[in-house]
Amino acid sequence: MSIRLLYLIFARVCGWLVLLGRSSASKNIELLVLRHEVAVLRRTQPKPRWDWADRAVLAALIRLLPTTLQAHRLVTPGTVLRWHRRLVTRKWTHPQRMGRPPVSAEIAVLIERFATENATWGYQRIQGELL
């Protein structure tokens with residue numbers, strides 16, 4: 001029991017030493033991220049629901065955190081990338097373009113016949129004859 005207490009005290013002192021080495025801006029950003037995460041968690045019914053404003057705030061703040069702290073948030077960089085991919089796919093989806101309509105079977109047979117019967121004709125001459 002006393003060894004566990006000594007270990008916990010040692011871990012806490014090491015954590016404080018790490019905090020002393022960090023800048024105040026980094027600490028402030030981490031506090032903002034934590035407060036926003038707590039605000040989202042307080043709104044939860046069965047599961048946290050992130051709206052677009054939450055995503056924007058957390059995506060902007062997480063970029064400013066040190067890389068060691070980014071991985072231990074509710075919103076990891078992978079989550080932010082997934083949100084961005086989903087946003088881009090929703091924003092930039094276009095209807096499938098059909099392109100040029102297919103050539104009918106009769107015309108394809110006619111083109112092949114022209115090409116085999118007239119070996120010296122090029123595609124422009126065959127196109128002109130078809131017109």
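The analysis underlying the following values was restricted to heavy atoms, covering all of them including side chains, and did not include hydrogens, waters or symmetry mates. All residue numbers refer to positions in the sequence shown, counting from 1.
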Within-4.5 Å side-chain heavy-atom neighbours: Val88 and His84: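 Heavy-atom side-chain distance check passes, below 4.5 Å.
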request  = Just jot down the salt bridge (charged side-chain N to carboxylate O under 4.0 Å, His left out) partners of Arg86, sequence neighbours excluded, or say none.
outcome  =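 If we apply the salt bridge (charged side-chain N to carboxylate O under 4.0 Å, His left out) test to Arg86, skipping adjacent residues, there are no hits.
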Please enumerate all residues that pass salt bridge (charged side-chain N to carboxylate O under 4.0 Å, His left out) together with Arg82, with sequence neighbours excluded.
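Testing Arg82 for salt bridge (charged side-chain N to carboxylate O under 4.0 Å, His left out), a comparison that skips the adjacent residues, returns none.
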Only distances under 3.5 Å count here; give the side-chain donor-acceptor pairs of residues 98-112 to other protein atoms, sequence neighbours excluded, each with its distance to 0.1 Å.
{"from": "Ser104", "atom 1": "OG", "to": "Glu106", "atom 2": "OE1", "distance (Å)": "3.4"}

Could you grab the distance from atom CZ of Arg85 to atom CG of Leu81, nearest 0.5 Å is fine?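 Rounded to the nearest 0.5 Å, the CZ-CG separation comes out at 6.0 Å.
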Does Gln124 have any side-chain hydrogen bond (donor to acceptor under 3.5 Å, both in side chains) partners at least two apart in sequence or in another chain, and if so, which?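 Residues passing side-chain hydrogen bond (donor to acceptor under 3.5 Å, both in side chains) with Gln124: none at all.
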Which residues pass the side chain to side chain contact (heavy atoms under 4.5 Å, CB included) test with Arg35, not counting sequence neighbours?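 Arg35 satisfies side chain to side chain contact (heavy atoms under 4.5 Å, CB included) with no residue once adjacent residues are dropped.
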